[in-house]
Amino acid sequence: MSASRIDELPGFRRRIRITPAANWVRAELEDDMHCMRVRLRHDGSLVQGVEAEMIRAPWTTCPGAPEQLRQTFHGVALAQFARRGERQSNCTHLHDLALLAAAHAQDAETLVYDILVSDPQDGLRLAELRRNGLSVLAWQERGNRIEAPAELAGLAANQLRPWIEGLAGERLEHARLLRWAAMLAHGRTIPLAQQSDATRMPASCYSFQPARQPHARRIVDLREFSRGGTQPLEALAG
């Protein structure tokens, strides 16, 4: 099995699209479980408005997260978004979209990331990140441990933080995006009943904070993008 065959394999698909314009920037995301977008209105340096929309989300409590995002980033300088923190008190996906939007607010063109993670076959799993259609990062795992590239061999995705923190610029952004998607993709192999009790989850996002955990109920609205047909974000092309 080679990385060139990943398009032919069933698995997780995620697309992120970042669209900059005069005085605003929009970041959108869709994958098997999520569809959402964030728009930042700004004056070139300071964010004057934060608008978020959740079109598909996995928990009944998630719709409260856009207001939390507004409180976190309204009035914050674009250059300070990455230092603002508060990821775990927010929807992690909206939070990451806000950071991507801020980082690319001054870009001249739309940026599209595609992330593909194959389902395990005989213990082997492939993961790849594409930037505007070009592969920029890929790895191969066996038994949840990376085999290639050699510099990461033996590590699991959740052990990559020290390596990622040593990167900079585009390489840092690419590594963060692929690592997070590779971890999320494991959900495809876990029975829904085993991942639908919010009270068993760590307080790692907006819905899993102690005040909301007891009230969060799982929403089953999944998409399968790896078997042809509609691709992520096609419905939000406008």
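Of all the heavy atoms in Leu69 and Ala52, the pair that sits closest is CD2-CB, 3.9 Å. Shown here for Thr61 and Ala216, the closest heavy-atom pair between the two residues is OG1-CB, 3.5 Å. The two atoms that bring Cys62 and Pro58 nearest to each other are SG-CD, 4.1 Å, heavy atoms only. Contact record, Ala98 with Leu40: O-CD1, 3.8 Å, taken as the closest heavy-atom pair. Considering every non-hydrogen atom in both Pro10 and Gln121, the closest pair reads CD-NE2, 4.1 Å. Shown here for Gly85 and Thr72, the closest heavy-atom pair between the two residues is O-CG2, 4.3 Å.
A 4.5 Å side-chain heavy-atom check between Leu78 and Leu46 finds every atom pair outside the cut-off. At a threshold of 4.5 Å between non-hydrogen side-chain atoms, the residues Met54 and Cys91 count as touching. Using a 4.5 Å heavy-atom cutoff, the side chains of Gln106 and Pro20 are not in contact. Annotation: side chain of Leu100 is in contact with side chain of Leu177 (closest heavy-atom distance under 4.5 Å). Ile146 has its side chain within reach of Leu160: a pair of non-hydrogen atoms, C-beta onward, lies under 4.5 Å apart. Side-chain contact between Glu173 and Glu170 is absent, with no heavy-atom pair separated by less than 4.5 Å. Residues Asp114 and Arg14 form no side-chain contact, since every pair of their non-hydrogen atoms from C-beta on lies 4.5 Å or further apart.
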| side chain to side chain contact (heavy atoms under 4.5 Å, CB included) assessment of Val25 paired with Ile18 | CA-CA 7 Å; Val25 56; Ile18 308 162; 4.0 Å; yes
| said: Quick one, Glu147 with Leu124, criterion side chain to side chain contact (heavy atoms under 4.5 Å, CB included). Give me CA distance, side-chain angles, the key distance, then yes/no. | reply: CA-CA 9 Å; Glu147 290 187 326; Leu124 186 63; 4.0 Å; yes
| Chi angles and distances behind the side chain to side chain contact (heavy atoms under 4.5 Å, CB included) call for Arg125, His186 | CA-CA 10 Å; Arg125 192 173 80 142; His186 283 297; 3.4 Å; yes
| request: Show the numbers, then the answer: is there a side-chain hydrogen bond (donor to acceptor under 3.5 Å, both in side chains) between Ser226 and Glu224? | output: CA-CA 6 Å; Ser226 66; Glu224 176 55 74; 2.4 Å; yes
| message | Run Arg41 and Glu51 through salt bridge (charged side-chain N to carboxylate O under 4.0 Å, His left out) and show every step you take. | response | CA-CA 8 Å; Arg41 292 185 290 106; Glu51 303 160 7; 3.0 Å; yes
| Audit row: Ile55, Leu236, side chain to side chain contact (heavy atoms under 4.5 Å, CB included) steps and yes/no | CA-CA 10 Å; Ile55 300 160; Leu236 297 183; 3.7 Å; yes
| request: Decide side-chain hydrogen bond (donor to acceptor under 3.5 Å, both in side chains) for Glu128 and Ser135; before the verdict, give the C-alpha distance in whole Å, the side-chain angles of both, and the deciding distance to 0.1 Å. | output: CA-CA 7 Å; Glu128 182 176 348; Ser135 179; 2.9 Å; yes
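If you check the side chains of Gln159 and Arg145, you find a donor sitting under 3.5 Å from an acceptor. Between the side chains of Gln213 and Thr199, no donor-acceptor pair is found at a separation under 3.5 Å. Side-chain contact of Gln209 with Ser207: a donor-acceptor pair under 3.5 Å is absent, judged by distance alone.
Atom CG in Leu137 sits 5.0 Å away from atom CG in Leu178 (nearest 0.5 Å). Atom OG in Ser89 sits 4.5 Å away from atom CD in Gln68 (nearest 0.5 Å).
A donor-acceptor pair under 3.5 Å is absent between the side-chain atoms of Glu141 and the main chain of Ala156, judged by distance alone. Without hydrogens or angle criteria, Thr19 side chain to Thr110 main chain gives no donor-acceptor distance under 3.5 Å.
Within the structure, no pair that satisfies the ring pair (Phe, Tyr, Trp, His ring centres under 6.0 Å) test touches residues 132-160, not counting sequence neighbours. Applying the ring pair (Phe, Tyr, Trp, His ring centres under 6.0 Å) test to every pair with at least one member in residues 31-67, sequence neighbours left out, gives these pairs: His34-His93, Trp59-Phe208. Sorted by first and then second residue, the ring pair (Phe, Tyr, Trp, His ring centres under 6.0 Å) pairs with a member in residues 113-137 read Tyr113-His174; sequence neighbours excluded.
For Glu151, the side-chain contact (heavy atoms from CB on, under 4.5 Å) partners at least two apart in sequence or on another chain are Pro149, Trp163, Arg171. By the salt bridge (Lys or Arg N to Asp or Glu O under 4.0 Å) test, Arg212 is found to be paired with no residue, residues two or more places apart in sequence or in another chain being considered. Residues passing the salt bridge (Lys or Arg N to Asp or Glu O under 4.0 Å) test with Asp221 are Arg223, sequence neighbours excluded. For Arg70, the side-chain contact (heavy atoms from CB on, under 4.5 Å) partners two or more places apart in sequence, or in a different chain, are Val50, Glu67, His74. Here Gln48 pairs with nothing under the side chain to side chain donor-acceptor pair (under 3.5 Å) rule; sequence neighbours left out. With sequence neighbours excluded, no residue forms a salt bridge (Lys or Arg N to Asp or Glu O under 4.0 Å) with Arg161. Residues meeting the salt bridge (Lys or Arg N to Asp or Glu O under 4.0 Å) test with Glu165, sequence neighbours left out: none. By the side chain to side chain donor-acceptor pair (under 3.5 Å) test, Asp107 is found to be paired with His104, residues two or more places apart in sequence or in another chain being considered. Here Phe73 pairs with Phe81, His95 under the ring-ring contact (aromatic ring centres under 6.0 Å, His included) rule; sequence neighbours left out.
By the rule that hydrophobic residues join a cluster once side-chain heavy atoms approach within less than 4.5 Å of another member, Ile164 and Leu155 end up as members of one cluster. In terms of hydrophobic clustering, with Ile, Leu, Val, Met, Phe, Trp and Tyr side chains grouped at heavy-atom distances under 4.5 Å, Trp24 and Leu94 are assigned to different clusters. Connection of Leu129 to Leu9 is not established within any shared hydrophobic cluster, with ILVMFWY side chains joined at heavy-atom distances below 4.5 Å, either directly or through further cluster members. Under the 4.5 Å side-chain heavy-atom criterion for Ile, Leu, Val, Met, Phe, Trp and Tyr, Trp180 and Ile190 are members of distinct hydrophobic clusters. Leu97 and Tyr206 are not part of a single hydrophobic cluster, where members link through side-chain heavy atoms under 4.5 Å apart.
Among Arg13, Arg130, Arg227, the one residue that satisfies the salt bridge (Lys or Arg N to Asp or Glu O under 4.0 Å) test with Asp7 is Arg130. Among Arg56, Met36, Arg37, Arg17, the one residue that satisfies the side-chain contact (heavy atoms from CB on, under 4.5 Å) test with Glu30 is Arg56.
Salt bridge annotation for Glu28-Arg26: present, with a cationic side-chain nitrogen under 4.0 angstrom from a carboxylate oxygen. Using a cut-off of 4.0 Å between Lys/Arg side-chain N and Asp/Glu carboxylate O, Asp32 and Arg188 are scored as salt-bridged. Salt bridge present: Arg87 and Asp96 bring a charged side-chain N and a carboxylate O closer than 4.0 Å. Using a 4.0 Å cut-off between charged nitrogen and carboxylate oxygen, Glu234 and Arg15 do not count as a salt-bridge pair.
Enclosure of atom CG in Asp122 is not indicated, since only 12 or fewer non-hydrogen atoms of other residues, nucleotides or ligands lie within 6.0 angstrom.
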